[in-house]
Amino acid sequence: LHSTERSCLLRELHRFESIAIAQEKLEVAPPSPGQLRHVFFHNALPFVGFGFLDNAIMIAAGTQIELSIGVVLGISTMAGNMSNVSKSSIEDTCQIQNHLFLFSCSSSLAGYVEALASRLGLSIPDLTPKQADMWQTRLSAHLGKAIGVTIGCILGMFPLLFFGEEEEKLEEKN
């Protein structure tokens with residue numbers, strides 16, 4: 001972070017802490033349904049983007065790796081993904097390295113997805129520190145993340161629509 005960003009963050013942390021100390025003595029009402037919806041969507045939208053990118057990259061890049069390295073080594077990353085079929089240790093190592101590489105590529109995009117969500121106007125829910133720590137808020141946030149990544153992963157399967165034609169052409173040639 002730049003020095004201006006660090007000072008802004010420190011200022012906000014001090015403000016948040018002073019509000020929390022002042023409200024420890026007060027009884028705070030639980031978040032309203034509207035606030036919980038805001039928390040849900042605030043957490044869900046970035047995870048939709050992350051799930052989409054993660055799945056699309058895993059499918060597209062995994063297929064290309066399978067077609068290049070997998071053919072040479074005789075392994076299948078997409079079909080043999082986490083299967084119980086016994087394989088040699090070299091195949092297992094290559095498969096693990098493939099998954100780690102692809103996951104690190106898609107994980108590195110998470111910051112960009114969150115930055116894009118904030119640029120699109122996704123504001124932080126206006127909650128007090130005590131409300132932010134309530135079980136309802138945490139449940140809404142976790143549900144938003146889980147549902148968001150699920151929707152994103154389903155949407156990220158779109159590259160599979162293009163693979164059926166290529167396989168049929170390969171079978172016709174053989």
Side-chain angles (χ1 to χ4, degrees), residues 1-63 65 77-78 80-84 92-93 95-161:
L1 296 175
H2 298 282
S3 60
T4 56
E5 292 171 327
R6 284 195 303 265
S7 62
C8 182
L9 178 62
L10 184 61
R11 223 178 14 257
E12 286 297 315
L13 287 173
H14 284 305
R15 185 182 69 81
F16 195 77
E17 186 178 28
S18 64
I19 292 171
I21 290 170
Q23 289 182 349
E24 281 182 1
K25 301 169 188 160
L26 301 174
E27 187 67 30
V28 178
S32 68
Q35 288 175 314
L36 291 175
R37 273 192 303 277
H38 193 173
V39 169
F40 177 87
F41 286 114
H42 178 75
N43 286 283
L45 288 177
F47 276 85
V48 170
F50 173 73
F52 174 81
L53 289 173
D54 183 53
N55 224 11
I57 289 171
M58 289 284 237
I59 291 170
T63 302
I65 291 171
T77 56
M78 296 297 279
N81 190 7
M82 303 299 179
S83 65
N84 293 328
D92 288 338
T93 305
Q95 208 169 39
I96 290 169
Q97 289 173 345
N98 182 22
H99 287 289
L100 288 175
F101 171 72
L102 294 174
F103 183 73
S104 65
C105 289
S106 59
S107 296
S108 64
L109 297 173
Y112 294 111
V113 170
E114 289 178 5
L116 178 64
S118 66
R119 284 186 186 164
L120 292 174
L122 186 65
S123 62
I124 297 172
D126 188 28
L127 298 171
T128 65
K130 205 166 190 178
Q131 285 178 323
D133 195 39
M134 291 183 171
W135 69 269
Q136 298 97 325
T137 309
R138 285 185 272 131
L139 178 66
S140 181
H142 291 305
L143 282 174
K145 292 172 186 176
I147 292 171
V149 81
T150 302
I151 292 170
C153 285
I154 290 169
L155 293 174
M157 287 193 281
F158 84 93
L160 293 175
L161 296 172

**Message:** Looking at Arg37, I want to see if its CZ is surrounded by more than 12 non-hydrogen atoms of other residues, nucleotides or ligands under 6.0 Å.
**Reply:** no
**Asked** Do the side chain of Thr150 and the main chain of Ala146 share a donor and acceptor less than 3.5 angstrom apart?
**Response** yes
**Prompt:** Taking C-beta and beyond as the side chain, do Leu127 and Pro31 meet within less than 4.5 Å on heavy atoms?
**Reply:** yes
**Message:** Between Val48 and Val149, does the side chain to side chain contact (heavy atoms under 4.5 Å, CB included) criterion hold? Intermediate values first, please.
**Reply:** CA-CA 5 Å; Val48 170; Val149 81; over 6 Å; no
**Asked** What are the two closest heavy atoms between Ala132 and Arg138, and how far apart are they?
**Response** O-CG, 4.3 Å
**Message:** Tell me the closest heavy-atom pair linking Asn55 and Met157, and the distance in Å.
**Reply:** ND2-CG, 3.2 Å
**Request:** Please check if the side chain of Gln35 supplies one atom and the backbone of Pro125 the other of a donor-acceptor pair under 3.5 Å.
**Result:** no
**Request:** Measure across Gln131 and Thr137 and return the closest heavy-atom pair with its distance rounded to 0.1 Å.
**Result:** O-OG1, 2.7 Å
**Prompt:** At what distance, to the nearest 0.5 angstrom, does OG1 of Thr128 lie from CE of Met134?
**Reply:** 6.5 Å
**Minimum heavy-atom distance between Gly156 and Ile59, given as atom pair plus value** = O-CD1, 3.9 Å
**Message:** Within this structure, what is the CG-NE2 distance for the pair Leu9 and His14, rounded to the nearest 0.5 Å?
**Reply:** 9.5 Å
**Nearest-0.5 Å distance that lies between atom SG in Cys153 and atom CZ in Phe50** = 8.0 Å
**Asked** What residues, two or more places apart in sequence or in another chain, satisfy side-chain hydrogen bond (donor to acceptor under 3.5 Å, both in side chains) together with Glu12?
**Response** Arg15
**Request:** Would you please name every residue forming a ring pair (Phe, Tyr, Trp, His ring centres under 6.0 Å) with Phe52, sequence neighbours left out?
**Result:** Phe158
